[in-house]
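Numbered from 1 within each chain, the chains take letters A, B, ... in sequence-line order. No hydrogens, no waters, no symmetry mates; every other heavy atom, side chains included, goes into these values.
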Amino acid sequence: MSEKAGVADTVGFERLSEYRYRIPRQGKMRCDAVFYASRRILEDLAAEDYASLRQLMGVATLPGIVEPALSMPDIHWGYGFPIGGVAAFDPEEGGVVSPGGVGFDINCGVRLLVSDISREELADRKARLADELFRSVPSGVGRGRKDFRIGRPDLRRLLVEGPSWLVERGYGEPGDLDGIESRGRLAGADPDAVSERAYQRGQPQLGTLGSGNHFLEVQYVDEVYDEEAARAYGLHPGQVTVLIHSGSRGLGHQVCTEYVERFLQVAPKYGIELVDRQLAAAPIDSPEGRAYLGAMSAAANFAFANRQLIAHFTREAFARAGFGGRPLRVLYDLAHNNAKLEEHGARRVLVHRKGATRAFGPGNPELPERYRGVGQPVLVPGDMGRYSFVLAGTEGSMRETFGSSAHGAGRKMSRRRAKKAARGRDLIREMEQVGILVRAAGRATVDEEMSEAYKDAAEVVEVTDGAGIGKKVARLRPQIVVKG
DNA sequence: ATGTGC
């Protein structure tokens, strides 16, 4: 399929460079859109009749957008905004905030822990560790935890303070906070903008994984591409790592649901014309916009705290499995579903990243000193059978994508199709035969999350690296997978 | 993603 077909039929894009394409402003778009893709990714986009690129064009119609509307190489169809979408809005130009531009799982993200344990040491205790982790980190839809209770007044404080509230009470180490994006605390969190129902749903779920694509993986570093960055991050071949992927659970979901509804009601009042109801938005500088941002930031702090507590119980599981006294340091905790006020091109803009990560380049004062020379760690989880990647933010991401990069492999099959493809197979056994132990709350999720249901993360990473919006640092191979 | 449809 050539890009010509795209021009003629529907979307109309042009190639800017090997991996970079532009959709010129057309129809109700207020600015151009730019997307990153390989020829192969382009074929995937064509196969879905450019549905996700059309969503990106919809994003470009929203008021106050700062050009261009962007998507990362892992773009796929999502609620309103495409997953992999990045869009910045200027509050002084009537810019909007959109819950669909953040996602239902507010501040979903990944945290990478690094140990001094070798792959060989892990081999001796792998089954034991898998069992301990599965016991220590509840997973599955609606699951809570019984051994950690937080009262309402404390939860309110946690929504404002994030993981520091936990660290102060012994759930973690003081150094943990240095490795979290924004130190795990988004400013402006408003616990009063979070509904009673959201509190109720979130309260028992702190320290739980959830379901779907969420996971906890024990891995090892099997390849290093950039020695200098790997050294700065403290990564070396054969080393055991832990990758935690989870978000704000029922609390964030409830916040998103309620504000989408509210924004739909008020959009006419602000003269916002929506080409798609799922793009529901309100001005950043409006009572509704401010309330959502307050609630979203609170949910974000809850998600950071959730990963903090999961990391705490992960450390306990490692100790019980015979790795007592061995450190598990936070390399980085990075969100991929949020909206943040940032300075770009001497303007203060609200950057929505929906299935996209922050990827600040070298020298950025936001970064911990030890990473400042090489740029921010960018974590790109792959599917559960293959590999995940660590990249570094670049000058290119700062210049082209409001300091953003890709967040993962992206689905290739629908959940329904994956389930069908898994019929008659025992995926857990297949994984075990290649040395990956799976512990899951249910088999259905494992089927839906099968390796073949995902695009190859390596492809996404090649495009990201090739386009210069992220730099390959290391590859991680799974050994233990805990799923919902 | 999600008390996996109101």
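- Rounded to whole Å, atom C1' of B/dT2 lies 17 Å from atom CG of A/N107.
- Across the protein-nucleic acid pair, A/Q200 atom CD and B/dT2 atom P stand 18 Å apart, rounded to whole Å.
- Here A/G247 lies out of heavy-atom contact (under 4.0 Å) with every strand.
- For the pair A/D105 CG and B/dT4 C1', the interatomic distance rounds to 14 Å; values are reported in whole Å.
- Summarising the geometry, the separation between OH on A/Y79 and C1' on B/dT2 is reported as 13 Å, rounded to the nearest angstrom.
- Residues that satisfy the side-chain contact (heavy atoms from CB on, under 4.5 Å) test with A/E67, not counting sequence neighbours, are A/C31.
- Considering only residues two or more places apart in sequence or on other chains, A/Q479 meets the side-chain contact (heavy atoms from CB on, under 4.5 Å) condition with A/L122, A/K126, A/Y220.
- For A/R415 and B/dT4, the shortest distance from a side-chain N or O to OP1 or OP2 is not below 4.0 Å.
- Atom CZ in A/R249 sits about 5 Å away from atom P in B/dT2, given to the nearest Å.
- Ring geometry for A/Y171 versus A/F313: interplanar angle of 30 to 60°, hence tilted.
- One atom, CG of A/L209, and another, C1' of B/dT4, lie 16 Å apart when rounded to the nearest Å.
- Across the protein-nucleic acid pair, A/R416 atom CZ and B/dT4 atom P stand 18 Å apart, rounded to whole Å.
- Side-chain contact check for A/Q265 and A/E261: no donor-acceptor pair (N or O, by modelled atom type) lies under 3.5 Å.
- Following rounding to the nearest Å, A/N337 (CG) and B/dT2 (P) show an atom-to-atom distance of 11 Å.
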